[in-house]
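Notes to accompany the following structure.
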There are 2 protein chains.
Amino acid sequence: MYPKRFGKMTMAVTIRDVAKHLNLSITTVSRALDGYEDVAPETRERVRAAARELGYVPSSAARNLRRQRANIIGYVIPASGTRFTDPFFSEFISGLGDQAVSQDFDLLISTATPDTPAEQQVYSRWISSRLVDGVILSRMRLEDWRANHLLDKKFPFAVHGRTGGQADYPFIEIDSRSGLTQLVKHLASLGHRRIAYIGAPAKFTLQRDRFAGYCDGLIAENIPFDASLVAEGDLTRAGGFRAAQALFDAPHPPTAIIGANDLTADGVIRAAHKRGIVVGRELAVAGYDGTEESEHTQPPLTTLRQPVYETARNLVIMLISLIKGDPLLQSQIILQPELVIRESTGR
Amino acid sequence: MYPKRFGKMTMAVTIRDVAKHLNLSITTVSRALDGYEDVAPETRERVRAAARELGYVPSSAARNLRRQRANIIGYVIPASGTRFTDPFFSEFISGLGDQAVSQDFDLLISTATPDTPAEQQVYSRWISSRLVDGVILSRMRLEDWRANHLLDKKFPFAVHGRTGGQADYPFIEIDSRSGLTQLVKHLASLGHRRIAYIGAPAKFTLQRDRFAGYCDGLIAENIPFDASLVAEGDLTRAGGFRAAQALFDAPHPPTAIIGANDLTADGVIRAAHKRGIVVGRELAVAGYDGTEESEHTQPPLTTLRQPVYETARNLVIMLISLIKGDPLLQSQIILQPELVIRESTGR
DNA sequence: ATTGACTACCAAAACGTTTTGGATTATTAT
DNA sequence: ATAATAATCCAAAACGTTTTGGTAGTCAAT
């Protein structure tokens with residue numbers, strides 16, 4: 001039935017083969033390839049040539065065992081069901097992978113729904129089997145068992161955002177609070193007074209910050225807070241869609257809606273479209289994230305752009321320093337998001 | 001500066017610790033935990049309890065070295081620059097990861113632009129260091145060095161789609177050729193005679209198949225082939241956008257446009273929108289893939305849906321059988337895509 | 001001639017498992 | 001009572017590296 005091309009794999013060539021081939025000790029071969037100074041230049045060249053010729057590459061398992069390090073970092077994508085829909089993660093993962101590779105690390109990926117046993121299992125398996133040397137955390141919760149657990153185990157990690165309390169770990173945070181304030185001010189400057197906010201579940205740090213920023217903006221503009229203009233989404237398009245419908249049905253619907261992320265905002269746009277509400281003209285919509293997709297909504301979405309790719313790269317740099325025990329230049333970075341004004345908030 | 005919470009990690013607990021704690025040999029501990037029959041039920045329980053109590057988890061490096069297997073599969077995302085924009089990959093990766101975990105494997109991810117030295121490097125590093133036990137391939141080229149190379153090394157792999165010639169490896173293919181024919185027929189049944197096709201670069205197998213299906217459809221409907229209605233995209237939104245603009249500018253513009261994937265089709269929709277062309281009324285647009293995003297274009301996109309998530313899972317099942325040397329039930333699977341008719345092709 | 005410093009190499013230990021091939025004791029069949 | 005069988009357990013080897021703590025040789029300075 002199935003062709004027998006996948007027979008036994010040809011036994012891999014080991015360092016011993018190289019050594020034998022050159023009449024050298026495996027020590028010398030190892031040190032030659034690792035670039036130690038105590039091997040003659042001529043020998044080093046012979047070793048390099050032989051290694052290439054024989055196709056020798058060190059066994060990662062053996063190396064990991066001896067070095068007590070895997071040169072792998074892990075990242076668990078917060079998924080909801082059979083997919084992770086947020087383009088945020090595509091970009092984030094690209095950044096993690098690219099930087100990791102450039103520092104001779106690899107990236108291990110898993111998906112898990114936040115705060116489930118499955119999530120705990122992934123992390124604890126990775127950590128206690130020492131399969132990964134460190135992990136990247138994102139979409140933090142106010143009380144996040146992950147941060148506590150990792151601190152407790154003294155296991156290296158770096159986070160995007162942060163938890164509720166004091167942050168005794170390296171992180172890169174985008175100051176979404178002041179970003180949202182800026183956004184509210186911008187909407188107010190366009191004449192909006194009934195500005196709604198569709199947030200995320202309260203347990204997420206980003207919700208605390210963005211909601212606070214929203215409130216700050218209202219205060220700054222002397223707009224009274226109206227609880228009926230605040231809805232809870234779930235950071236998905238569907239969540240935004242549902243929440244928007246409810247807002248439209250309210251006695252005093254908003255003239256502007258801010259989504260906690262671009263996906264939510266896109267859901268709002270779709271809900272508006274379904275009702276025949278013209279976004280950008282009858283209703284202003286804005287999001288948060290500024291991934292590429294936000295350019296391609298109809299109309300293009302006003303949003304707060306955060307540098308996802310670069311942040312991911314920097315997190316990996318921080319994490320690998322941590323793993324290697326190198327000193328961190330900066331361990332707690334706070335960046336400002338950039339307000340990108342597009343047609344969805346009108347002219 | 002940086003708090004000293006990441007000091008030395010507490011030395012991990014090894015199998016030796018467990019053995020000493022119970023006055024047993026490490027052999028027995030190992031075999032008890034692995035569920036061998038030659039250990040007394042009572043002893044097995046004691047071992048299990050002690051392992052849990054002490055928090056023992058086998059070192060993956062040591063286990064991999066001894067077993068000569070990593071229990072890791074690899075997947076290289078074909079990225080173009082700083083991100084992979086296609087939601088296809090989000091879903092694909094979720095499928096890979098979920099199935100892998102359920103079989104006690106992990107998923108290693110990297111990104112690389114197709115046919116670059118970087119791509120070669122990733123694969124050869126993974127393979128020759130035996131960091132992964134097998135790889136999943138996707139978006140195949142007609143002449144694909146990857147398949148040849150892996151066959152040559154007798155390294156396990158499974159592919160989504162296939163290469164140009166004979167396929168001496170396990171794969172799951174979606175019959176996109178007949179899918180496209182079906183789509184063309186549907187458009188013809190709506191009265192369209194000028195049906196354009198925006199393809200992918202010729203080197204991709206999917207382009208050969210989908211283009212052939214397009215031609216089949218024209219023939220079946222007695223529509224003469226018109227080279228001016230065929231454009232080359234690059235499977236991105238931007239590519240679809242550009243190609244559509246060119247088609248609009250042609251002397252005899254099409255009344256329907258098929259994109260080689262949903263992303264391309266979405267680019268077409270955007271280009272149409274920019275020109276004030278009403279999609280679904282003045283122009284029919286259709287895509288291929290049927291990822292969730294296709295429901296959320298404006299208007300929703302007619303497309304050929306392939307079961308991305310399930311395919312990914314099945315590929316992993318096949319790959320792991322291969323790795324373990326188990327017989328494959330099915331090794332070459334061909335599925336039919338499902339035509340999903342939505343508003344973008346009008347009523 | 002002796003010492004010291006330097007260069008180029010290497011044997012052996014260690015990393016933490018799994019697996020092989022028994023060894024020991026208890027049980028059953030003769 | 002003895003032999004055969006079954007039930008448990010274990011010592012030691014092996015997986016392929018890196019690292020430690022050297023050794024032997026050369027050269028220069030005393």
Side-chain angles (χ1 to χ4, degrees), chain A residues 8-48 50-51 54-71 104 125 127-131 133 324, chain B residues 8-48 50-51 54-71 104 125 127-131 133 324:
Chain A
K8 197 147 293 156
M9 269 183 50
T10 46
M11 257 278 281
V13 25
T14 78
I15 197 173
R16 198 159 271 118
D17 301 325
V18 180
K20 208 156 282 176
H21 183 258
L22 292 169
N23 264 329
L24 284 172
S25 74
I26 60 173
T27 306
T28 304
V29 173
S30 175
R31 298 180 73 86
L33 293 174
D34 269 15
Y36 279 71
E37 280 309 316
D38 67 350
V39 34
E42 191 223 359
T43 311
R44 183 194 314 287
E45 259 329 301
R46 282 175 50 225
V47 172
R48 286 219 181 103
L54 301 181
Y56 167 69
V57 178
S59 145
S60 62
R63 168 175 286 189
N64 293 349
L65 176 57
R66 175 62 229 216
R67 287 205 176 144
Q68 297 288 76
R69 180 189 310 164
N71 271 38
D104 262 312
R125 196 168 48 83
I127 292 166
S128 47
S129 73
R130 282 134 290 162
L131 181 55
D133 303 316
K324 294 188 169 169
Chain B
K8 198 148 290 159
M9 268 181 52
T10 46
M11 259 278 279
V13 25
T14 79
I15 197 174
R16 198 159 272 117
D17 300 326
V18 180
K20 206 156 285 175
H21 184 258
L22 292 168
N23 262 329
L24 284 172
S25 74
I26 60 174
T27 305
T28 304
V29 174
S30 174
R31 297 180 74 85
L33 294 174
D34 269 15
Y36 280 71
E37 280 308 316
D38 68 348
V39 32
E42 190 223 358
T43 313
R44 184 195 311 290
E45 259 328 302
R46 279 175 52 224
V47 172
R48 286 220 181 102
L54 301 181
Y56 167 70
V57 177
S59 144
S60 62
R63 167 176 287 188
N64 294 349
L65 175 59
R66 174 62 228 215
R67 288 210 178 141
Q68 296 288 75
R69 180 186 312 160
N71 271 36
D104 262 313
R125 196 167 51 81
I127 292 166
S128 47
S129 72
R130 284 135 289 163
L131 181 54
D133 303 316
K324 293 188 169 169

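Letters A, B, ... mirror the listed sequences (proteins, then strands); counts begin at 1. Here the structure is a predicted model, which means the values were calculated and not measured.
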Exercise. At what distance, to the nearest 0.5 angstrom, does CD1 of B:I127 lie from CG of B:D133?
Worked result: 11.5 Å
Exercise. Taking OP1 and OP2 of D:dT17, is either one under 4.0 Å from a side-chain nitrogen or oxygen of A:S30?
Worked result: no
Seminar exercise, completed: Rounded to whole Å, NZ of A:K20 lies from P of D:dG16 at a distance of 12 Å
Exercise. Starting at CZ of B:R63 and ending at P of D:dG16, how long is that distance when rounded to a whole Å?
Worked result: 18 Å
Problem set entry | Lys/Arg N to Asp/Glu carboxylate O, A:R63 vs A:D104, below 4.0 Å | no
Exercise. Any donor and acceptor pair, going by atom type alone, linking the side chain of B:S129 with main-chain N or O of B:R125 inside 3.5 Å?
Worked result: yes
Exercise. Residues two or more places apart in sequence or in another chain: which of them pass salt bridge (Lys or Arg N to Asp or Glu O under 4.0 Å) with B:R69?
Worked result: none
For this session: Measure from CG on A:L131 to C1' on C:dG16 and round the result to the nearest Å.
Result: 15 Å
Exercise. Base, backbone or nothing for each nucleotide of nucleotides 8-15 of chain C, written B, S, -, heavy atoms under 4.0 angstrom, 5' to 3'?
Worked result: BBBBBBBB
Exercise. Any side-chain N or O of B:Y36 less than 4.0 Å from the OP1 or OP2 oxygen of D:dT8?
Worked result: no
Taking N or O atoms only and anything under 3.5 Å, show me the protein contacts with nucleotides 25-27 of chain C, one pair per line.
none

For this session: Run the numbers on B:L24 and B:T43 for side-chain contact (heavy atoms from CB on, under 4.5 Å), then give the verdict.
Result: CA-CA 9 Å; B:L24 284 172; B:T43 313; 3.7 Å; yes
Exercise. Rounded to the Å, how far apart are B:L33 CG and C:dT17 P?
Worked result: 10 Å
Exercise. What is the distance, rounded to the nearest whole Å, between atom CZ of A:R130 and atom P of C:dT17?
Worked result: 6 Å
Seminar exercise, completed: Note: B:A61 and A:N64 closest approach over all heavy atoms is CB-CB, 3.8 Å
Problem set entry | Integer-rounded Å distance: C:dT17 P and A:N64 CG | 14 Å
Exercise. Is a side-chain donor or acceptor of A:R130 paired with a backbone partner of A:L65 at a separation under 3.5 angstrom?
Worked result: no
Seminar exercise, completed: Interatomic distance, CG@A:L22 vs CG@A:D17, rounded to 0.5 Å, equals 11.0 Å
For this session: Please report the closest heavy-atom contact between B:R31 and B:Y36, naming both atoms and the distance.
Result: NH2-CD2, 2.8 Å
